[in-house]
Amino acid sequence: MFVPYILPPVHVTRTVRSVCPARAGVAGLCAAHTCVRAEHCPSTWVLLVDIAGPCISSSSWEFVRKSHEMLLIEEKYKSIAKLLLSSGTCPRCVLRFCCVGSSAPYRLPYKNLADELQKFLSNDGDIAPPSKKVRLGDSEECRSETEITRDTDVNEAPQTCNLCLGILQHLCSTEFVKQIFHKVQSAGYEFQDFVFSVSLPPQLLVREHSAWLQAQEEMRRQDRLLEKADIIQLKEAYKWIIHPMISEELGVQAVSKSLFEVGVVFCHQDTDEDCHFLVTVCKDCFKPTKNKQSVFTRMAVVKALDKITDDDFVTHFPWPPSTPKTTCQVIDIQCNHASVFVAGRYNKYSRTLPQTPWVIDGERKMESSVEELITEQLMTVFQADSFNFSSSGREDVDVRTLGRGRPFAIELVNPHRVRVTEQVMKDLQQKINGTDKIKVRDLQIVTREALAHMKEGEEEKTKCYSALIWTEKTIRKEDVEFLNDIKHYTVI
């Protein structure tokens with residue numbers, strides 16, 4: 001006879017999912033202690049204990065209990081945790097300022113993390129073994145466990161955090177991850193992995209600086225130091241939480257370097273003015289630029305915070321920061337693929353075809369160009385947003401390019417299709433060569449470095465010209481010898 005128990009959520013995510021379910025990686029669990037997926041709830045594992053078989057050893061349950069206590073906050077940071085939590089800071093930001101450098105605690109469901117943090121601060125960290133039977137087919141019980149595990153119920157957070165402005169509370173839910181997934185899916189990119197980027201509002205730096213000054217003061221009371229670099233960056237903590245969720249949805253791994261980037265841009269208009277006082281104190285850090293809509297860039301704010309004194313900062317921005325009534329907003333979910341470079345050689349046979357579009361005072365002078373005849377086909381196949389054409393030198397409109405052809409390269413910006421075979425490239429070359437104006441050869445995908453080699457060759461190569469000359473008088477043998485003796489010519 002088997003008695004089912006729901007395993008603690010942390011134990012489930014850290015052990016059962018990564019190890020054979022029949023053993024769950026816990027010492028003392030044998031074949032009689034079987035882990036199965038709950039019906040209607042595949043993300044929840046249930047431990048079936050055979051009451052007629054061997055019991056779970058005390059050491060096994062201790063493993064489960066300890067796996068539930070994963071805050072990893074050192075005792076010396078307890079005063080900081082109390083200070084921040086009482087000031088309106090969310091549990092995940094508390095972990096950041098307590099220098100918790102492991103990703104596991106941040107991935108705990110929000111409610112569970114808040115409960116564990118309260119236990120840590122009250123020195124009550126014990127949990128008892130489960131004593132309640134759970135029916136596997138109970139969909140309502142299963143739903144509540146899933147919500148806890150997946151952190152879908154963002155209403156567990158009572159108020160918006162005054163440091164992350166809700167990013168670590170409300171914007172790492174399953175619903176938000178699905179928004180990212182639908183954006184990527186609808187964009188139609190080809191990719192094998194991805195890198196995730198986050199753009200944060202600059203006022204978060206001001207709020208974090210304020211919290212750091214207070215945390216630093218708490219540590220000084222213990223004759224300790226808290227370096228700003230020791231605090232876990234918001235971006236890093238956010239990626240720890242959301243990377244596995246996005247990877248699961250997309251079916252590919254999140255990596256540190258990838259040709260495909262998924263980016264999220266956050267803003268929080270209600271707190272935009274948090275940075276404004278820095279202009280009065282550090283004017284030279286904020287200079288208008290043509291490409292920026294605001295002078296309050298992250299780089300400018302960082303420079304100002306490095307320059308301002310602690311007393312000046314506290315005077316203008318007292319602790320604690322105000323608790324916002326709204327959370328951060330997502331203003332954009334961006335997808336971008338690194339450029340693809342295509343190179344080859346072209347011959348031009350027409351004397352009425354420029355290398356690039358010839359437009360004077362807004363009026364087009366020629367019907368087409370070498371650039372357009374080549375890129376038209378490439379843009380269709382690679383589905384790129386734009387392109388940049390370059391070549392090793394150029395020729396005049398009425399000059400043909402013969403011989404082996406002129407080297408050229410095209411940067412295809414933000415291509416959606418990148419899995420292009422050699423056969424596809426051969427077919428592309430054949431389509432481009434469907435005109436009598438130009439012909440291309442050796443069409444291939446190259447690296448960015450190959451473009452640099454092409455430009456170097458342009459400067460170093462020797463050019464040979466042939467010319468047919470008419471003269472009014474007859475050329476004598478002495479004239480030819482005279483010309484041959486001249487070593488340097490100036491062509492005007």
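In this text the structure is predicted, and so the values were computed from the model without any measurement.
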Practice item. Name all residues meeting the ring pair (Phe, Tyr, Trp, His ring centres under 6.0 Å) criterion together with Phe389; count only those two or more places apart in sequence or in a different chain, and write none if there are none. Key: none
Exercise for review: Evaluate the criterion salt bridge (Lys or Arg N to Asp or Glu O under 4.0 Å) for residue pair Lys307 and Asp284; output intermediate values, then yes/no.
Suggested key: CA-CA 10 Å; Lys307 187 175 182 179; Asp284 58 331; 2.6 Å; yes
Check your understanding: Under 3.5 Å, is there a donor-acceptor pair linking the side chains of Asp274 and Gln203?
Key -> no
Practice item. Consider only side-chain N and O atoms of Thr323 and Gln159, and report whether a donor and an acceptor are under 3.5 Å apart. Key: no
Point to revise | Pair Phe317 and His209, ring centroids less than 6.0 Å apart | key: no
Practice item. Take Lys228 and Glu208 through the test salt bridge (Lys or Arg N to Asp or Glu O under 4.0 Å) and record every step on the way to the result. Key: CA-CA 10 Å; Lys228 204 170 188 178; Glu208 290 195 353; over 6 Å; no
Point to revise | Aromatic contact, His337 with Phe191 (centres under 6.0 Å) | key: no
Check your understanding: Does a side-chain heavy-atom distance below 4.5 Å link Leu412 with Asp385?
Key -> no
**Study point:** Audit row: Glu218, Arg221, salt bridge (Lys or Arg N to Asp or Glu O under 4.0 Å) steps and yes/no
**Key:** CA-CA 5 Å; Glu218 286 292 327; Arg221 294 191 181 99; 2.7 Å; yes
Check your understanding: Rounded to the nearest 0.5 Å, what separation is found between the CZ atom of Phe176 and the CD1 atom of Ile242?
Key -> 5.5 Å
Check your understanding: For the atom pair CD (Glu227) and CE (Met219), what is the distance rounded to the nearest 0.5 Å?
Key -> 10.5 Å
Practice item. Determine whether the aromatic ring centres of Tyr106 and Tyr238 lie less than 6.0 Å apart. Key: no
Check your understanding: For Cys164, does its backbone N or O pair with a side-chain atom of Arg207 as donor and acceptor, under 3.5 Å?
Key -> no
